[in-house]
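The structure appears below as structure tokens.
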Amino acid sequence: GAVVSQHPSWVICKSGTSVKIECRSLDFQATTMFWYRQFPKQSLMLMATSNEGSKATYEQGVEKDKFLINHASLTLSTLTVTSAHPEDSSFYICSARDPGGLKTYEQYFGPGTRLTVT
Amino acid sequence: GQNIDQPTEMTATEGAIVQINCTYQTSGFNGLFWYQQHAGEAPTFLSYNVLDGLEEKGRFSSFLSRSKGYSYLLLKELQMKDSASYLCASRGQAGTALIFGKGTTLSVSS
């Protein structure tokens, strides 16, 4: 089945620094990937839709200059949290559909990245 | 916009049956999904409904009524390992992202 990986699985950084999270589709090409954020005991909140070769589409309330998304290839999207602050500490999960697979409706999730900003 | 409602918490005992309800309001409709999520892990796919009716898959079944904007997830023969958060999600337009409800935390006791 379609596999999505993320790296790193967890990261601790100091306030004011930037952190890059990678999302890869391992066995399929994803023209579109989605980035979600999940705070403790809350559900997944869509942050942005990442489109290969074009600018990402951000959800209302998500700062595009703070959460930089790059989708330079059909198998890789990156999310960079710039000038991170403790309130950015969260579980970041990427997701993608396999448009060429049997289950084009299904959205496959990466294992998530736990970000802690100290 | 989209709005998805489901109960916050539910409890049940081993071997029992539990039904988790979900109501949704979306601009457009391209499917209703259920995911299971254990603490600290990514969600795992359980079911997908795009047409009205019941989809059965082992111990789990999912029902959809598009006219009522309503779905439920039915879990039979509950096991302790079924203790998790169950997320109802909808897709408004084809190719767009899933939008999730707040999730229902299910606790299964012996």
Side-chain angles (χ1 to χ4, degrees), chain A residues 1-7 9-10 21 23 30-52 56-62 69 77 90-116, chain B residues 1-9 20 22-24 26-51 55 57 62 64 71 73 83-107:
Chain A
V3 178
V4 176
S5 70
Q6 277 183 247
H7 178 81
S9 54
W10 60 270
I21 302 170
C23 176
T31 53
T32 303
M33 290 184 175
F34 309 104
W35 286 96
Y36 292 84
R37 178 169 54 181
Q38 185 175 34
F39 292 108
K41 298 190 184 299
Q42 295 188 24
S43 191
L44 281 75
M45 296 297 294
L46 179 67
M47 298 177 66
T49 298
S50 169
N51 301 296
E52 188 267 336
T57 304
Y58 291 82
E59 295 299 300
Q60 192 172 9
V62 178
I69 291 174
S77 175
S90 188
F91 193 46
Y92 291 86
I93 309 175
C94 72
S95 178
R97 286 172 51 249
D98 180 3
L102 292 176
K103 297 181 180 180
T104 57
Y105 56 83
E106 189 168 341
Q107 201 167 300
Y108 301 95
F109 286 85
T113 297
R114 176 78 56 192
L115 170 63
T116 301
Chain B
Q2 299 186 61
N3 187 47
I4 300 173
D5 287 317
Q6 53 182 126
T8 304
E9 295 181 341
I20 304 175
C22 170
T23 57
Y24 65 92
T26 59
S27 52
F29 180 77
N30 193 250
L32 192 290
F33 298 73
W34 285 94
Y35 282 80
Q36 180 192 63
Q37 186 180 30
H38 286 98
E41 299 179 9
T44 55
F45 173 80
L46 290 179
S47 69
Y48 164 70
N49 295 70
V50 69
L51 299 176
E55 293 282 342
K57 190 187 298 184
S62 58
L64 175 68
S71 172
L73 179 70
S83 293
S85 182
Y86 291 86
L87 307 174
C88 176
S90 72
R91 175 178 290 138
Q93 306 290 337
T96 60
L98 292 180
I99 302 300
F100 286 84
K102 296 186 185 301
T104 300
T105 300
L106 173 65
S107 300

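Residue numbering restarts at 1 for every chain, and letters A, B, ... go by the order of the sequence lines.
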Check your understanding: What about the rings of A:Y108 and B:F45, do their centers lie closer together than 6.0 Å?
Key -> no
Check your understanding: How long is the span from the CZ atom in A:R97 to the CG atom in B:L98, to the nearest 0.5 Å?
Key -> 9.0 Å
**Study point:** Distance-minimising heavy-atom pair for B:A42 and A:G110
**Key:** CB-O, 2.9 Å
Practice item. For residues A:F34 and B:A97, report the shortest heavy-atom separation together with the two atoms involved. Key: CD2-CB, 3.3 Å
Practice item. Check the pair A:L44 / B:Y35 against side chain to side chain contact (heavy atoms under 4.5 Å, CB included), numbers first and verdict last. Key: CA-CA 11 Å; A:L44 281 75; B:Y35 282 80; over 6 Å; no
Point to revise | Pairs of heavy atoms under 4.5 Å with chain B: top-ranked of A:M45, A:K103, A:R114, A:Q38 | key: A:Q38
Check your understanding: Is it the side chain or the backbone of B:L87 that comes within 4.5 Å of chain A heavy atoms, both, or neither?
Key -> side chain
Exercise for review: Give, as side chain, backbone, both or neither, the part of B:T96 having an atom under 4.5 angstrom from any heavy atom of chain A.
Suggested key: backbone
Check your understanding: Would you call the rings of B:Y48 and A:Y105 parallel, tilted or perpendicular, where under 30° means parallel and over 60° means perpendicular?
Key -> parallel
Point to revise | Rounded distance [0.5 Å steps], CD in A:E106 versus CZ in B:F33 | key: 8.0 Å
Check your understanding: Near B:H38 NE2, under 6.0 Å, is it more than 12 heavy atoms from other residues, nucleotides or ligands?
Key -> yes
Exercise for review: Report the distance from atom CD of B:Q37 to atom CZ of A:F91, rounding to the nearest 0.5 Å.
Suggested key: 7.0 Å
Check your understanding: Between A:S43 and B:G101, is there a donor-acceptor pair closer than 3.5 Å when you use the side chain of the first and the backbone of the second?
Key -> yes
Check your understanding: What option among B:G95, B:G31, B:S85 has the most heavy-atom pairs under 4.5 Å with chain A?
Key -> B:G95
Exercise for review: Please look at A:Q6 and chain B and tell me whether the side chain, the backbone, both or neither of the residue comes under 4.5 angstrom of a heavy atom of that chain.
Suggested key: neither
Review point. Just by modelled atom types, is the B:K102 backbone N or O under 3.5 Å from a matching donor or acceptor in the A:Q42 side chain?
Key: no
